[in-house]
Every structure is written in structure tokens, then in C-alpha cells.
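Below is one structure, written out as C-alpha cells, with a few remarks after it.
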There are 2 protein chains.
Amino acid sequence: MLAPVAGKNRQTVYATLRRKVLTMELPPGASLSENELAAALGVSRTPVRESLILLAEEGLVQVFPKVGSFVSRVDPVRVADAQFLREAVELTALDDLPVVLDPDLLAELGDNLRRQDQPGIDLEDFFALDEEFHLGLLKLSGHGAAWATVSNAKGHLDRARRLGLHDATPPAVNAGQHRAIFDAVRAGDITEARSAMRTHLRAVFDDVERIRESNPELFASNDGSTPVRRNVVVWD
Amino acid sequence: MLAPVAGKNRQTVYATLRRKVLTMELPPGASLSENELAAALGVSRTPVRESLILLAEEGLVQVFPKVGSFVSRVDPVRVADAQFLREAVELTALDDLPVVLDPDLLAELGDNLRRQDQPGIDLEDFFALDEEFHLGLLKLSGHGAAWATVSNAKGHLDRARRLGLHDATPPAVNAGQHRAIFDAVRAGDITEARSAMRTHLRAVFDDVERIRESNPELFASNDGSTPVRRNVVVWD
DNA sequence: CGACAGACTCTTGTATACAAGTAACCGCAC
DNA sequence: GTGCGGTTACTTGTATACAAGAGTCTGTCG
């Protein structure tokens with residue numbers, strides 16, 4: 001059951017639905033009836049429908065005319081695409097690092113890393129710090145604006161990571177990789193920074209592959225056929 | 001005046017409006033009243049509105065509640081962002097080129113280059129070939145899917161290029177740069193390919209800067225202030 | 001002549017009504 | 001039991017009605 005939201009505008013509905021999809025509260029395959037969502041959120045179909053159109057544009061939702069709307073399964077092709085895009089952007093950004101690094105951003109990143117190292121850290125908190133860390137690195141090279149594109153493209157990747165908590169690399173290991181990148185960046189060793197970043201991103205990608213093997217039902221088939229339509233309605 | 005479209009569905013309306021914005025038929029600052037567009041296209045407000053929402057998400061349109069919707073001015077920040085993204089993706093893709101290149105794709109690229117070399121080629125045709133060429137290079141390295149993201153992000157860049165035809169690098173020069181990239185790729189010289197690609201993309205970026213100097217009214221101010229709202233209605 | 005107030009028009013945002021089609025379900029015939 | 005046909009409920013797509021605010025224009029008053 002979805003709780004009604006405060007504001008009844010489209011932005012709120014969109015943000016709510018997007019969050020629920022990304023956090024797997026609405027898992028892949030879940031049915032997203034415009035009428036049901038509108039009733040549950042206490043608004044009319046219009047803002048719900050417009051939100052679904054945007055989510056469909058991001059690939060997080062699939063709309064089948066006259067049939068229904070469903071949360072997308074994780075598409076391996078899109079995951080690989082996001083992985084490549086992310087590597088390309090984050091590695092190239094390292095090449096553009098200025099000689100003198102912004103001390104404020106450096107301090108922020110250092111603080112971020114310290115928080116990542118907290119033992120028993122909540123996974124949602126860790127993901128948030130992870131996002132912030134990578135965004136911070138991009139800002140350091142003056143390409144913070146590119147994060148929006150990367151973030152948008154890697155929606156599928158994130159969903160898989162959030163789900164397969166068991167099979168994923170533990171936060172402590174990720175935090176260690178983050179620190180390796182950060183140390184190399186601070187030392188001005190671009191080559192080492194690139195290497196560490198590549199190792200880190202590849203590890204994330206491998207996580208997704210492991211998750212896929214243990215939770216195949218959340219992934220789309222990769223045989224190039226038409227996407228699955230009728231799905232189990234997992235929600236409620 | 002906009003001619004009515006064949007199909008009355010949203011996809012058609014969206015494609016029509018997007019094309020008119022990208023080709024500058026609807027120039028930056030043009031007013032986009034949902035009612036007017038609906039009447040002109042022979043549909044209701046609904047598909048028009050949904051199309052405008054998508055275009056706004058791409059940054060091609062700005063919507064001011066209770067005031068109006070307008071074609072966005074070219075935003076230098078977004079242009080630089082798209083430039084960085086494009087460089088990152090296309091250069092990184094070159095690193096991933098396989099040892100043995102797909103002969104079909106090579107033939108396609110060669111044919112494309114021949115068509116680019118036609119003297120007195122129409123500029124719209126050249127832009128189409130340009131797109132196809134860069135997409136082909138990405139396909140060659142197995143990352144064709146990334147083009148969608150690049151293409152989406154570089155909307156602002158394309159608009160500027162299409163407009164400032166006078167100040168832009170002539171097609172023949174661009175075609176020459178394309179051929180230099182292609183030759184290096186075919187020869188397996190990744191370093192040279194990267195160099196040629198960088199030169200080419202930087203030239204495109206410089207074009208935009210020249211266009212900006214001669215057509216400042218089409219660009220948003222880069223002082224970080226709020227975007228211009230009331231604009232000259234260029235259309236009709 | 002200038003400034004201010006109010007009406008009016010136009011805008012987007014939201015809610016609702018209608019249209020068209022799909023798929024599931026139920027009952028009947030065999 | 002099994003297969004088939006019709007009905008029914010539900011889906012998205014589109015059109016329209018209503019709401020609320022912003023901006024302009026005009027008339028009036030000082």
C-alpha cells in the first residue's frame with residue numbers, strides 16, 4: 001500500500017515513484033496501474049500518467065498500450081551500457097584533474113570517506129555516500145554537470161546493486177577502493193587513480209553479474225526477443 | 001504555421017516538435033502554447049502537453065507554470081557538458097576497438113564517407129551522415145547503445161551547429177577529419193585515432209563558440225542568473 | 001500626463017469523461 | 001473433462017472541463 005503524498009503535484013508523484021522503483025519497493029515486474037496509483041496517492045490520473053511517461057523514458061517502467069504499465073526488469077544490455085558510460089566519463093574526468101585541487105572539495109571527500117568507514121553502516125546510507133563520492137570526484141575535475149547524465153543512465157545498475165545485498169561486495173571493500181582512488185588523486189598520480197577507478201567500477205559490474213545469477217527473475221532475457229509482458233504482480 | 005500531422009498520437013507530435021526545435025524551425029525563445037500547438041497539429045492538449053514535458057526533460061524546452069512554454073536558449077553549460085560527455089564516450093570507445101573489425105560496418109562507414117565528400121552536399125544531409133558516422137564508430141567497438149545517451153545530451157550542441165552555418169567549419173573540412181579518424185581506425189592505430197577524434201570534436205566545439213559570438217541572442221547567459229523568461233516570439 | 005486599480009485574457013496544472021482494445025473469466029456445448 | 005465463445009472488467013490514449021495564477025491592457029482618478 002502506498003501512502004498518500006503531501007504535495008499533489010507531478011514532481012512529488014514522480015519523485016515518489018522513482019524512489020520506490022530504485023529502492024525495489026516496487027520490484028521489477030510490479031504492475032503500475034494509473035488508476036490504482038492515482039487512488040493510492042490521492043491525485044488524478046494526469047500527474048501519475050505524466051510521471052510514468054518520464055519513468056518510461058528513463059527505462060525504469062514499460063508501458064504497454066491498452067494492457068498495462070510495469071516496473072522494468074533489469075536489462076543486461078542497459079546495465080552494460082551504463083557501465084561503459086560510467087567508466088568513460090569517470091576515467092576521462094580523472095584526465096582533466098587540475099594541478100591544484102579544490103581544498104573544500106578535498107575536505108568534503110575526506111569526510112565522506114570517513115563516514116563510509118563506519119562499521120555496520122546502513123546500506124542505504126552507504127549508497128548515498130557512494131553517489132556523493134563519485135559526484136565529488138567529477139566536481140574535482142570540473143565536470144560535475146556530467147553526473148546527471150551518468151546517474152540517469154545507471155538506474156538499472158543501481159537497482160540490481162540495491163537488491164543483491166548478500167552477493168554484493170561488502171561496503172568495507174568498496175570503501176577501501178574509494179580510498180585508493182582518493183589517495184591517488186590527492187597524490188596527483190593520474191595513472192594510478194585511473195587504474196584504481198577502473199578496478200572499482202569493474203568490481204561493481206561483477207557484483208551485478210553475480211546478482212543476476214542468483215536472481216534471474218529480476219532481469220530481462222538477453223536473447224534479444226521481445227520483452228516479457230505478463231508478469232507476476234509482486235506488489236501487495 | 002505548423003502543418004497537421006498524419007497520426008494523432010503522442011509519438012508523432014513529439015517527433016515533430018523535436019525535429020522543429022533541433023532544426024531551428026522553432027528557434028530559441030519561440031513561444032510554445034499548448035493550445036496553439038494542439039490546434040495547429042489537430043490534436044488535443046494532452047499529447048502536446050506530454051510531448052512538451054519530454055522535451056523539457058531533454059532541456060530543449062522550458063515550461064513556466066501559468067506563464068508559458070518556450071524553446072530553450074542554447075545553454076553554454078549544457079553545451080560544454082555534452083562536449084565532455086561526447087569526448088569521453090567516443091574516445092573511450094576507440095580504446096575498446098576489437099582487433100578484427102566488422103567488415104560490414106567498415107563498408108558502411110566507407111560508403112558514408114564517400115557520400116560526405118559529394119561537393120555541394122545539402123547541410124541537413126551532411127548532418128545526418130555525420131550522426132551516422134559517429135554512431136558507426138561506436139558500433140564498431142560494440143558500444144552503439146551508448147549513442148542514445150550521447151545523442152540526447154548533445155541536443156543543445158546540435159542546435160547551435162545547425163544555425164551558424166556561415167561560421168561553422170565547412171562540411172569538406174569535417175569530412176576530411178572524419179576520414180582521418182576512419183583511416184587510423186582501419187589501420188589499427190588507436191593512438192592516432194584518438195588524436196584525430198579529439199581534434200575533430202574540439203573543432204566542433206570551437207564552431208559553437210564562434211556561433212555564440214555572432215548570435216548571442218540564441219544563447220542563455222552564462223552568469224548563473226535565472227533564465228530569461230519573456231522572450232520575443234519569433235514564430236509567425 | 002502619469003499612476004494605479006480592476007477586469008480580462010491567456011497560460012499551465014489537474015480532474016474527469018469518453019474511446020478503443022486487450023485479456024481474463026465464466027458458462028455452455030461436446 | 002475439454003474446448004470454444006461471449007461477456008465483462010480493466011487497461012492506456014485522447015479529449016474536454018475546470019481551477020488558479022500571471023500578465024496585460026484599459027479606464028479612471030489624481
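Throughout, a chain's letter reflects where its sequence line sits, starting with A, and its residues are numbered from 1.
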Under 3.5 Å, which donor-acceptor pairs link side chains of residues 121-130 of chain B to any protein atom two or more places apart or in another chain?
unit_1: B/Asp122; atom_1: OD2; unit_2: B/Glu124; atom_2: N; d: 3.0
unit_1: B/Asp122; atom_1: OD2; unit_2: B/Asp125; atom_2: N; d: 3.2
unit_1: B/Glu124; atom_1: OE1; unit_2: B/Arg162; atom_2: NH1; d: 2.4
unit_1: B/Glu124; atom_1: OE2; unit_2: B/Arg162; atom_2: NH1; d: 3.1
unit_1: B/Asp130; atom_1: OD1; unit_2: B/His134; atom_2: NE2; d: 3.2
unit_1: B/Asp130; atom_1: OD2; unit_2: B/Arg161; atom_2: NH2; d: 3.0

*Angle between terminal axes - the helix from C/dC1-D/dG30 to C/dC30-D/dG1, 5 pairs each end, rounded to 10°*: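 About 10° separates the two local helix axes.
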*asked:* Suppose we screen for salt bridge (Lys or Arg N to Asp or Glu O under 4.0 Å). Which residues come up paired with B/Glu58, at least two apart in sequence or across chains?
replied: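 With sequence neighbours excluded, B/Glu58 shows a salt bridge (Lys or Arg N to Asp or Glu O under 4.0 Å) to B/Arg18, given in chain and number order.
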*Among all residues two or more places apart in sequence or in another chain, which pass the salt bridge (Lys or Arg N to Asp or Glu O under 4.0 Å) test with B/Glu57?*
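Partners of B/Glu57 under the salt bridge (Lys or Arg N to Asp or Glu O under 4.0 Å) test: none.
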*Please name all residues satisfying side chain to side chain contact (heavy atoms under 4.5 Å, CB included) with B/Arg78, sequence neighbours left out, ordered by chain then number.*
B/Asp75, B/His156
*Mind checking what makes side chain to side chain contact (heavy atoms under 4.5 Å, CB included) contact with B/Asp104, not counting sequence neighbours?*
B/Asp102
Atom [atom1] of [X] and atom [atom2] of [N]: how far apart are they, to the nearest Å?
{"X": "A/Gln62", "N": "D/dT11", "atom1": "CD", "atom2": "P", "value": "18 Å"}
{"X": "B/Tyr14", "N": "D/dG13", "atom1": "OH", "atom2": "C1'", "value": "18 Å"}
{"X": "A/Phe70", "N": "D/dC10", "atom1": "CZ", "atom2": "P", "value": "15 Å"}
{"X": "B/Leu52", "N": "C/dT12", "atom1": "CG", "atom2": "C1'", "value": "10 Å"}
{"X": "A/Leu55", "N": "D/dT12", "atom1": "CG", "atom2": "P", "value": "14 Å"}
{"X": "A/Glu34", "N": "D/dT12", "atom1": "CD", "atom2": "P", "value": "4 Å"}
{"X": "B/Asn35", "N": "C/dT12", "atom1": "CG", "atom2": "P", "value": "7 Å"}
{"X": "A/Glu50", "N": "C/dA15", "atom1": "CD", "atom2": "P", "value": "10 Å"}

Protein-nucleotides 17-21 of chain C N/O pairs closer than 3.5 Å?
unit_1: C/dG21; atom_1: O4'; unit_2: A/Lys66; atom_2: NZ; d: 3.3

_Test applied, side chain to side chain contact (heavy atoms under 4.5 Å, CB included); reference residue, B/Leu17; option that passes from B/Thr12, B/Leu54, B/Leu55_ = B/Leu55
Among the nucleotides [options], which one has an atom lying closest to any side-chain atom of [X]?
{"X": "B/Ser69", "options": "D/dT16, C/dT14, C/dT12", "value": "C/dT12"}
{"X": "B/Val63", "options": "D/dT12, C/dT12, D/dT14", "value": "C/dT12"}
{"X": "A/Arg49", "options": "D/dT14, C/dT14, D/dT11", "value": "D/dT14"}
{"X": "A/Asn9", "options": "D/dG13, D/dT11, C/dT14", "value": "C/dT14"}
{"X": "B/Thr46", "options": "C/dT11, D/dT14, C/dT12", "value": "D/dT14"}

*asked:* On the nucleotide D/dA15, are OP1 or OP2 found under 4.0 Å from the side-chain N or O atoms that B/Ser44 carries?
replied: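 The answer is yes; a side-chain N or O of B/Ser44 sits under 4.0 Å from OP1 or OP2.
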Donor-acceptor pairs are to be reported for all side-chain atoms of residues 135-153 of chain A against protein atoms at under 3.5 Å, with residues two or more places apart or in another chain.
unit_1: A/Ser141; atom_1: OG; unit_2: A/Ala93; atom_2: O; d: 3.4
unit_1: A/Ser141; atom_1: OG; unit_2: A/Leu138; atom_2: O; d: 3.0
unit_1: A/His143; atom_1: ND1; unit_2: A/Ser141; atom_2: O; d: 3.3

*B/Asn112 versus B/Gln116, side-chain donor and acceptor atoms under 3.5 Å*: yes
*Considering residues at least two apart in sequence or located in another chain, which fulfil the ring pair (Phe, Tyr, Trp, His ring centres under 6.0 Å) criterion with A/Phe205?*
none
